[in-house]
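One structure is given here, and the rest of the page talks about it.
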Amino acid sequence: MNWLANIVKTLVRGLADLSPSCKEATRLQSKALDRKLPLRQRFGLRVHLLLCKWCRRYGKQITFLRNAAHQHPDEMADSVPQKLSAEARERIKQRLQADRD
């Protein structure tokens, strides 16, 4: 029975070595939106996503944002920089100063 436990521990350690950190998993998910990942990275990312609900949630969010941006490209391209009035800038400065105190 002890040998079975050792085999399971070895397998779990092996999977953990394949699984990237959360920081690396988020980077890989972003990269996977643009191109196909190599097999080892895809497998490691899948293992990580099976275990980490936060990274799964992040993946859903960036996929949603990417799809939304692709559905409305004309709205993204025509953004006009907004200029604040002098009064608005002064109110923001006062609020920031008040928050520091």
Side-chain angles (χ1 to χ4, degrees):
M1 189 69 161
N2 204 12
W3 60 271
L4 183 59
N6 288 338
I7 290 175
V8 170
K9 285 181 186 178
T10 304
L11 285 173
V12 168
R13 262 190 246 120
L15 285 176
D17 289 342
L18 284 175
S19 177
S21 66
C22 287
K23 184 176 182 178
E24 180 69 9
T26 56
R27 188 184 67 74
L28 289 173
Q29 288 183 84
S30 296
K31 193 184 283 190
L33 291 174
D34 298 326
R35 65 178 177 82
K36 189 172 181 176
L37 297 175
L39 181 62
R40 187 179 193 294
Q41 287 181 335
R42 272 196 327 263
F43 183 74
L45 180 59
R46 298 263 180 179
V47 169
H48 184 88
L49 293 176
L50 283 171
L51 302 173
C52 183
K53 74 176 184 178
W54 302 109
C55 289
R56 281 193 307 271
R57 189 175 288 177
Y58 172 79
K60 288 177 185 176
Q61 290 171 351
I62 62 170
T63 301
F64 171 80
L65 290 173
R66 183 170 196 240
N67 291 337
H70 282 286
Q71 289 175 0
H72 304 284
D74 52 329
E75 295 173 22
M76 299 295 287
D78 294 339
S79 79
V80 178
Q82 301 292 323
K83 298 197 180 208
L84 293 175
S85 66
E87 296 84 21
R89 283 196 297 274
E90 189 58 38
R91 284 195 308 268
I92 291 170
K93 284 181 189 177
Q94 289 174 357
R95 177 64 64 101
L96 289 172
Q97 187 63 35
D99 289 345
R100 287 184 194 157
D101 297 336

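Through direct or indirect side-chain contacts shorter than 4.5 Å among Ile, Leu, Val, Met, Phe, Trp and Tyr, L84 is connected to I92, L96. Hydrophobic cluster membership of Y58, counting Ile, Leu, Val, Met, Phe, Trp and Tyr whose side-chain heavy atoms lie under 4.5 Å apart directly or via other members: L33, I62. Under a 4.5 Å side-chain heavy-atom cut-off, the cluster of Ile, Leu, Val, Met, Phe, Trp and Tyr residues that includes W54 has no other member.
Among residues two or more places apart in sequence or in another chain, the side-chain hydrogen bond (donor to acceptor under 3.5 Å, both in side chains) test is passed with Q71 by none.
Evaluation of the salt bridge (Lys or Arg N to Asp or Glu O under 4.0 Å) test over residues 54-72, restricted to residues two or more places apart or in two chains, returns D34-R66.
In this structure, E90 CD and Q94 CD are separated by 5.0 Å, a value rounded to the nearest 0.5 Å. Rounding to the nearest 0.5 angstrom, the gap separating the OG atom in S85 from the CZ atom in R91 is 6.0 Å.
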Using distance only, find each side-chain donor-acceptor pair of residues 38-53 under 3.5 Å and give its atom names and separation, not counting sequence neighbours.
{"unit_1": "R42", "atom_1": "NH1", "unit_2": "L37", "atom_2": "O", "d": "2.6"}
{"unit_1": "H48", "atom_1": "ND1", "unit_2": "S19", "atom_2": "OG", "d": "3.3"}
{"unit_1": "H48", "atom_1": "ND1", "unit_2": "P20", "atom_2": "O", "d": "2.8"}

